[in-house]
Amino acid sequence: MTSIAIVGAGPQLGLAIARTFGFHGLDVALIARNRTKLDDLVGQLTVEGITAAAFPADVLDHEALTQALEDAATQFGGIDVLEYSPVGTFESTVLTLPAETEPSHVQGAMEFQLYGAIAATKAVLPAMREAGAGTLLYTTGAGSIDPDPRVANVNAAAAALRNWAMNLHKELADAGIQAAHVGIDVAIGASFLPGAPVAQPEEISPVYWELHTTHRDEAERVFRTDTSWPAWVAPR
């Protein structure tokens with residue numbers, strides 16, 4: 001298997017991860033809701049010499065997400081790496097303070113983050129187990145580790161995904177399969193929250209390649225730009 005499936009692929013981090021893995025010879029399957037936007041990303045990657053294809057699906061539609069991953073595996077001969085990082089827009093995402101949070105506010109975020117990740121994993125993990133190899137990478141904001149009260153409901157769901165991903169790392173430790181969480185403690189490209197540090201996606205994407213290759217024993221990486229706060233790493 002020589003391909004990566006990027007769930008939640010977009011023009012920022014998703015494209016940067018696609019380039020990082022594509023430049024190392026992996027085929028790229030891009031999965032997101034908008035076919036037109038995916039086709040544009042495929043066009044950019046193709047011009048750069050990277051083999052890529054679009055597989056439209058909504059992470060909230062588990063059947064469609066599973067089918068997209070199965071189609072990608074068929075086209076590319078399998079999926080070696082799954083990267084899960086869908087991001088909602090500020091227009092479509094309700095953000096709540098802790099005391100104002102209703103169960104429904106967390107439920108929506110859970111469906112988007114944790115439940116979609118579980119569905120995607122179940123679609124690719126059996127083949128990885130059979131091969132005795134593979135990589136599963138899950139991305140959240142660093143609020144999953146150090147919560148920000150401005151986004152309490154999203155942080156709660158992100159923390160659930162982080163917990164599940166790190167538990168998966170422990171379960172698969174002896175199966176030849178890497179599972180890891182990436183916490184991003186910066187705004188990507190531009191900041192929408194006052195005081196948030198900013199990093200470009202090309203600065204972040206090498207972390208994913210390292211977790212896939214040279215740092216497979218690590219269950220977590222946290223990306224920070226403030227050098228006074230070194231990235232915290234959780235061993236398995």
Is the shortest heavy-atom distance from the side chain of [X] to the side chain of [Y] under 4.5 Å?
X	Y	answer
Tyr208	Leu13	yes
Leu137	Tyr84	no
Val124	Leu136	yes
Arg162	Ile145	yes
Ser85	Val7	no
Glu202	Arg19	yes
His212	Gln178	no
Leu161	His181	no

Let me confirm one number: the [atom1]-[atom2] distance from [X] to [Y], rounded to the nearest 0.5 Å.
X	Y	atom1	atom2	value
Gln200	Ser205	CD	OG	11.5 Å
Asp58	Leu65	CG	CG	8.5 Å
Ile79	Thr74	CD1	OG1	9.0 Å
Ile177	His169	CD1	NE2	12.0 Å
Thr135	Met128	OG1	CE	6.5 Å
Phe223	Asp185	CZ	CG	10.0 Å

Minimum heavy-atom distance [X]-[Y], with the two atoms named:
X	Y	value
Glu218	Ala180	O-CB, 3.7 Å
Ala219	Met166	O-CG, 4.0 Å
Gly134	Arg216	O-NH2, 2.8 Å
Ala68	Pro56	CB-O, 4.4 Å
Pro11	Leu41	CA-CD2, 3.9 Å
Leu97	Pro149	CD2-O, 3.1 Å

Quick one: does [X]'s side chain have a donor or acceptor within less than 3.5 Å of a partner on [Y]'s backbone?
X	Y	result
His24	Thr20	yes
Gln75	Ala72	no
Asn155	Asp148	yes

- Task: Could you check Glu171 against Arg129 for salt bridge (Lys or Arg N to Asp or Glu O under 4.0 Å), going step by step and ending with a plain yes or no?
- Result: CA-CA 12 Å; Glu171 178 187 354; Arg129 283 189 183 275; 3.1 Å; yes
- For residues 41-61, which residue pairs qualify under ring-ring contact (aromatic ring centres under 6.0 Å, His included), counting only residues two or more places apart or in two chains? none
- Name the orientation class of the two ring planes belonging to Tyr138 and Trp164 (parallel below 30°, tilted from 30 to 60°, perpendicular beyond 60°). perpendicular
- Task: Would you please name every residue forming a side chain to side chain donor-acceptor pair (under 3.5 Å) with Glu100, sequence neighbours left out?
- Result: none
- Applying side chain to side chain donor-acceptor pair (under 3.5 Å), name anything that partners Asn153, two or more places apart in sequence or on another chain. Thr96
Going by distance alone, is a donor N or O of one side chain under 3.5 Å from an acceptor N or O of the other, for [X] and [Y]?
X	Y	answer
Gln67	Asp71	yes
His215	Glu210	no
Gln44	Asp40	yes

- Could you walk me through whether Ile50 and Thr46 pass side-chain contact (heavy atoms from CB on, under 4.5 Å), step by step? CA-CA 5 Å; Ile50 297 170; Thr46 300; over 6 Å; no
- Message: Could you walk me through whether Leu172 and Leu125 satisfy the side-chain contact (heavy atoms from CB on, under 4.5 Å) test, starting with their C-alpha distance in whole Å, then the side-chain angles of each, then the deciding distance to 0.1 Å, before giving a yes or no?
- Response: CA-CA 10 Å; Leu172 299 175; Leu125 183 55; 4.1 Å; yes
- Message: Working note: Thr140 + Gln113, criterion side-chain hydrogen bond (donor to acceptor under 3.5 Å, both in side chains); need CA distance, chi angles, decisive distance, verdict.
- Response: CA-CA 8 Å; Thr140 72; Gln113 297 202 57; 5.7 Å; no
- Evaluation steps, side-chain contact (heavy atoms from CB on, under 4.5 Å), between Phe76 and Thr51: CA-CA 10 Å; Phe76 291 129; Thr51 300; 3.9 Å; yes
- Task: Could you walk me through whether Ile31 and Leu69 pass the side-chain contact (heavy atoms from CB on, under 4.5 Å) test, one step at a time?
- Result: CA-CA 8 Å; Ile31 299 173; Leu69 288 162; 3.4 Å; yes
